[in-house]
Amino acid sequence: MNLQPRALHSAADDAPPPDLFTPAAPRGLLEGLNPEQLAAVTAGQAPALILAGAGSGKTRVLTTRIAWLMSQGLATPANLMAVTFTNKAAKEMLTRLSAMLPVNVRGMWIGTFHGLCHRFLRAHWKLAGLPQGFQILDAGDTVAAVKRVIKGMKLDEERFVPKQVAWFIAGAKEDGLRPQDMEQRDEQTRRLVSIYQAYEDQCLREGVVDFAELMLRSYELLRDNAELRAHYQRRFQHVLVDEFQDTNRLQYAWLKMFAPPGSQQCVFAVGDDDQSIYAFRGARVGNMADFEREYRVRQVVKLEQNYRSFGNILDCANALISHNKSRLGKNLRTEAGPGEPVRVNEAASDYAEAQWLLEEAQALHRQGLARSQIAVLYRSNAQSRVVESALFNAGIPYRVYGGLRFFERAEVKHALAYLRLIENANDDTSFLRVVNFPARGIGARTIEQLQDAARASGRSLYQSVGAVGGRGGSSLGAFVALVEGLRQATVGLTLREIIEHMLHASGLQDFYRAEKEGADRLENLDELINAAEAFVTQEGFGKDAVALPVDESGAGYAPGDLAPGLPVAPAPAATPVPDAETGEIMSPLAAFLSHASLEAGDNQAQAGQDALQLMTVHAAKGLEFDAVFLTGLEEGLFPHENALSDPDGLEEERRLMYVAITRARQRLYISFCQTRMLHGQTRYNIKSRFLEELPEPCLKWLTPRHQGFGSGFERGYQQAWERGSGLKSMVGAGRVEPQAPPAALQKSAAAKTGAEFGGLRVGKGVFHTKFGEGVLLTLEGSGADARAQVNFGRHGIKWLALSVAKLTPID
DNA sequence: GACGTTGAGATTTTT
DNA sequence: TCTCAACGTC
């Protein structure tokens, strides 16, 4: 395809039109933008594709575009949607946006694909055919659920590995395929599809959805419901997409539901085909070309000015990526000058490599570079071991990214399982996780009998307890009584109190207290309380949260609503989503549980601890560092051997290398080894072909090009290594442990008068068209964000958004 | 149910 | 070589 000049603004076109700086346009909004960026930000009301190179100010363009649209009256907070992939990116966008414009971003449709789908399904759960209190399975839960299905079907777990089957199901969903849509050529596929079907049935029975289901179900609902589709299309005039190169088939199809080709809605897609490194997960770079074609995109803007790296680094990146055939075509440039050469090091062994980089990093640190500004990148996680070991022995603080995240920790998952059972006792995944944890004498046989009974009756494990004689005195009966007791005891409590009560009543707290090494786990459970507290404050469940009115129709907004000086939450997030029909909103507990699944929590480095940053190249995407050590540039490692045979795979590896190079601001080191321990065997690797693709004038070889084995240089390192202790002894120390996030902000309740809530009074009766009469328990929030908690007796205790639910006081 | 032994598998993984 | 998960034993 040809994305050449035809749509590029020429320099002359780049002068802003005279009416650009109307009083409504905040001063300085467009200041400092280069011509390309300006062209992107002020692109006309038509589909636009922004090819944003690494370090070209992509996020700035995206947020400035939003601010500009609103300041020009071309969009309102309510009729604009912006989608990202990560929670981090979404937060970043919201934070920057609130700094640019005096607009309260809470309630705006800015979020991750999955976050927005979740929101959508909460509002339209009934139309989507979901139970109202549906909960979300994270990756681990999904595998566990698939595993149960395979066991239940008495299939061989060797032939149907749960993880792979879960992968298969997710892949199918991401291609928009339900079991009945799938081709079943061979026996194996036929079985897989039947597992898929059984898994679907199980999820529905338990009231849970996995990540892919959030997307697929949202997509199908929009596809099949013309009225709803029209509603949302009317509402969102602007759809902005970040990291477009990472979208999969389903996500692109989902976007088209909101803004079909040829419609009035404007899609503003930002992406970089050269940074597409997730094809293995279903990402489809081809979506960029498809988008350009299907939407007849005439505004294609390339952001090629790089503000991050010096020339030598960029020359390397450009030269490398030019070896890829399938590209849209882009070349990074900088005004920063060539800078230092890219240093290349050949080490005799992986030990030597680690030792070398350690000393080099120490030297940089002595020159005044913060350790947190130095990154060590590698292709695969296994490579971190040697480096960690060397750093540990040298007593240099470091932090490894990746691994378990907060909400994935075992103790946290246990606690969440109890909380989920309070919300929905039919959640079998949670039931199984904690039915015998802490141990309460419920063995495998009991569980098996229970599962058989549940399967026979098509009911949940919880519902089947009676069927296996698990009433009264039995241990199963006691567990049911525990869950029942938890539910009853936590009615009307704050989220914090609910968790505290659960930790105590479940025995989790006592269990970890008694355990020798339970201190860390107890700390994490405390941390869970903090996280809940922070969530309540941020997500608008707090007492005096303030939000602009956002009604589903998107009406009722004018540019003038962007009142200056409006209070803005520091880390803005979505307001609780009301049910589109009744106005009912989730309980804080249910909302927190969704949050826990949707956002696995940070494992980001903590500020304050100055530590070397160790991570895979994938994990480094989107980050930048003053100095970068790119290690293991060896054939078979980088590019990885599994990708060598496949041209597409090799191109993805090259893009990965491109991403790695472009992380560096000032200094880039590239290293490789002659020998490396891998899977218990010494491997003799040759240097990566990618090294040959870098321009020699940009490089500076730190070692002779062809150093032999067993040189004195190498022996010295080898001996130094052997003097150090092994890896076994390195538990904890040297590694920077994550610190507890700041405790949640405590906010005082604002006094509310009855008048503000349309005459409603706590303790008095109210009437709801759907739920009938009830007693008002709580009133909080204000304006369009006002909420009420009402006890409707037979219908239970519900939270209602007063802007949607029509509540009338009764005497 | 807590513990030890054995064996397979060991890219990358935003949600 | 190392890790994790699945078994088997007390």
Side-chain angles (χ1 to χ4, degrees), chain A residues 83-91 111-118 136-143 147 157-158 161-164 166-167 170 173-174 209-215 242-243 245-248 250-251 275-283 350 377-386 389 401-403 405 407-408 436-446 515 594-604 615-623 632 636-644 649 652-653 655-657 659-660 676-683 726-728:
Chain A
V83 204
T84 66
F85 273 85
T86 65
N87 291 303
K88 199 176 156 202
K91 261 185 204 151
T112 63
F113 277 100
H114 294 85
L116 295 182
C117 284
H118 171 239
I136 302 161
L137 300 180
D138 68 18
D141 299 333
T142 304
V143 173
K147 191 170 177 178
E157 276 189 58
E158 306 255 298
V161 184
K163 217 167 160 182
Q164 290 171 3
W167 179 276
K173 289 186 181 184
E174 282 163 8
V209 296
D210 60 36
F211 287 141
E213 187 70 21
L214 285 171
M215 289 283 337
D242 189 19
E243 305 276 20
Q245 79 282 354
D246 287 340
T247 52
N248 59 36
L250 180 56
Q251 285 158 337
Q275 291 189 70
S276 159
I277 55 173
Y278 285 106
F280 73 95
R281 266 186 106 267
D350 45 354
L377 307 185
Y378 34 80
R379 173 67 239 266
S380 66
N381 284 304
Q383 289 170 251
S384 77
R385 178 172 312 284
V386 195
S389 172
Y401 285 69
R405 290 183 294 181
F407 286 114
E408 290 168 351
N436 198 35
F437 192 93
R440 44 177 76 89
I442 300 174
R445 190 156 355 156
T446 314
E515 210 177 43
S594 295
H595 166 82
S597 305
L598 237 32
E599 193 167 351
D602 274 351
N603 50 7
Q604 305 296 313
M615 67 192 82
T616 64
V617 180
H618 281 92
K621 190 181 170 203
L623 305 177
L637 246 197
F638 200 175
H640 195 274
E641 49 198 350
N642 297 2
L644 292 180
E652 178 143 320
E653 294 288 308
R655 291 193 293 268
L656 201 49
M657 174 80 179
V659 167
R676 177 180 295 276
M677 263 316 212
L678 203 65
H679 308 334
Q681 253 141 33
T682 305
R683 305 212 335 186
L727 199 68
K728 282 264 155 70

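In what follows, chains are A, B, ... by sequence order, proteins preceding strands, each numbered from 1. Here the structure is a predicted model, which is why all the values come from computation and not from measurement. These values consider heavy atoms only, across backbone and side chains, with no hydrogens, waters or symmetry-generated copies.
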Got a list of protein N/O to nucleotides 5-9 of chain C N/O distances below 3.5 Å?
| unit_1 | atom_1 | unit_2 | atom_2 | d |
| --- | --- | --- | --- | --- |
| dA6(C) | OP1 | K147(A) | NZ | 2.6 |

Next item on the list: Sequence neighbours left out, what passes side chain to side chain contact (heavy atoms under 4.5 Å, CB included) with S597(A)? Give chain and number order.
Entry: I136(A), R420(A)
Check: Considering residues at least two apart in sequence or located in another chain, which fulfil the side chain to side chain donor-acceptor pair (under 3.5 Å) criterion with D210(A)?
Finding: K173(A), Y199(A)
Next item on the list: Not counting sequence neighbours, which residues clear side chain to side chain donor-acceptor pair (under 3.5 Å) with S380(A)? List them please.
Entry: Q383(A)
Next item on the list: Can you sort out the partners of T616(A) under side chain to side chain contact (heavy atoms under 4.5 Å, CB included), two or more places apart, ordered by chain and number?
Entry: Y378(A), N381(A), H618(A), A619(A)
Check: How does protein contact run along nucleotides 10-15 of chain B, one letter per nucleotide 5' to 3', with B for base contact, S for sugar-phosphate only, - for none, heavy atoms under 4.0 Å?
Finding: BBBBBB
Notebook entry, point to check: Using the C1' atom in both, what is the distance from dT12(B) to dA5(C), to the nearest Å?
Noted result: 22 Å
Next item on the list: List in chain and number order the residues that pass side chain to side chain contact (heavy atoms under 4.5 Å, CB included) with Q681(A), two or more places apart in sequence or in another chain; answer none if no residue qualifies.
Entry: none
Checklist line | Heavy-atom protein contacts under 4.0 Å, nucleotides 1-7 of chain B, coded B base, S sugar-phosphate only, - none | finding: S------
Note to self: I'd like to check the side chain to side chain donor-acceptor pair (under 3.5 Å) partners of H118(A); sequence neighbours left out, ordered by chain and number.
What the structure shows: R122(A), S594(A)
Next item on the list: Only counting residues at least two apart or in another chain, list the ones meeting ring pair (Phe, Tyr, Trp, His ring centres under 6.0 Å) with F437(A).
Entry: H414(A), F511(A)
Check: In whole Å, what separates the P atom of dT13(B) from that of dC4(C)?
Finding: 15 Å
Check: Looking at residues at least two apart in the chain, or sitting in another chain, which of them share a side chain to side chain donor-acceptor pair (under 3.5 Å) with E652(A)?
Finding: R655(A)
Check: Any idea if dT11(B) is syn or anti, going by the 90°-from-0 cut?
Finding: syn
Checklist line | Sequence-distant partners of K147(A), salt bridge (charged side-chain N to carboxylate O under 4.0 Å, His left out), two or more places apart | finding: none
Next item on the list: Pick out which of V83(A), N248(A), L214(A), T84(A) makes a side chain to side chain contact (heavy atoms under 4.5 Å, CB included) with F113(A).
Entry: V83(A)
